[in-house]
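For reference, the structure discussed in these notes is given below.
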Amino acid sequence: MKILVCISHVPDTTSKINFTDGDTKFDTNGVQYIINPNDEFGLTRAMWFKEKQGASVDVVNVGGPETEPTLRKALAIGADTAIRVNTEATDGYAVAEQLAKVVQDGGYDLVIAGRESIDYNGGMVPGMLAALTNANFVNTCIDLEVDGTNAKAVREIDGGKETVSTTLPLVIGTQKGIVEESDLRIPNMRGIMMARKKPLTVLEPVEASTETVSVKFEKPAPKGAVTLVSPDNLDELITLLHNEAKVI
């Protein structure tokens, strides 16, 4: 089985977030980047398939040279090879188009992608990638077994879980549950040294369309922020409760 794991290069959740140019651009100064957690859960599951079933595991990222340390970490965890598509990740559809070309050229049986990245939380790339490659798709996947070309997946749904049967080729959107946090692997020195020798291929991008543009960013209100409302203005209080506390 040939597996491709999609890796997003995202800010660490402990990083202090700032914006520049009138809040139209993200300020990368001083920001530490990591493997997107949902992708890391999927990568760890891919390592299970590699060790138990002899699968090959490649990782791919759409981004500039600054993302290569994140790909090298994935190699240190155990991936065989890495691919970087040399273009900025502008929006979900453009990223899916770039990944689709890699999937089609590589002939992958299983594509694993986090159900969403923790920076933009778009939650769109795995589904669009499945559509562009004509593959089956299971989102919010929390368990997966593969036997030959047959697969059985468990996905999280509102109020419970659903077990589905499908076939390869397959794209899954993973999250915590496909493995647990205690299963995540910290690269050891041997893995880090081996990662330096593993191939990292840089591909030039295909022509792709950008369907969305980020116009402006805004930070959430500080924790503990309080809005004072006059007791005489009941309509304003009801509106605030409805919009902010989701009370009807």
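Just so it is clear, the values below take in all heavy atoms, side chains as well, and ignore hydrogens, waters and symmetry mates.
By the rule that hydrophobic residues join a cluster once side-chain heavy atoms approach within less than 4.5 Å of another member, Ile172 and Tyr108 end up as members of separate clusters. Following chains of ILVMFWY side-chain contacts shorter than 4.5 Å, one can reach Leu129 starting from Val60, so the two form part of one hydrophobic cluster. Note on Val85: it clusters hydrophobically with Val171, by side-chain heavy-atom contacts below 4.5 Å among ILVMFWY residues.
With no hydrogens or angles considered, no side-chain donor-acceptor pair links Thr149 and Thr167 at under 3.5 Å. Lys219 and Asn18 share a donor-acceptor pair across their side chains, judged by distance under 3.5 Å alone. A donor-acceptor pair shorter than 3.5 Å can be found between the side chains of Asp58 and Thr81. There is no side-chain donor-acceptor pair under 3.5 Å between Ser117 and Asn36.
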Worksheet item: What's the verdict on side chain to side chain contact (heavy atoms under 4.5 Å, CB included) for Leu4 and Ile112, showing C-alpha distance, side-chain angles and the deciding distance?
Response: CA-CA 6 Å; Leu4 180 68; Ile112 299 175; over 6 Å; no
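Of the candidates Glu66, Glu68, Glu204, Arg84 forms a salt bridge (Lys or Arg N to Asp or Glu O under 4.0 Å) with just one, namely Glu68. With Asp143 as the fixed residue, the salt bridge (Lys or Arg N to Asp or Glu O under 4.0 Å) test singles out one of Arg45, Arg155, Lys161: Arg45. Tested against Lys25, the residues Asp23, Asp21, Asp27 include a single salt bridge (Lys or Arg N to Asp or Glu O under 4.0 Å) partner, Asp21.
Nearest approach of Ile118 to Asn121, heavy atoms of both residues: O-OD1, 3.6 Å. Ala151 and Leu144 get closest at one heavy-atom pair: CB-CD1, 4.2 Å.
Atom-to-atom distance recorded for Ile83:CD1 and Leu203:CG is 6.0 Å, nearest 0.5 angstrom. In this structure, Glu40 CD and Thr70 OG1 are separated by 10.5 Å, a value rounded to the nearest 0.5 Å.
Side-chain heavy-atom separations under 4.5 angstrom define the hydrophobic clusters, and the remaining members of the one that includes Ile17 are Phe19, Phe26, Val31, Tyr33, Tyr120, Phe217.
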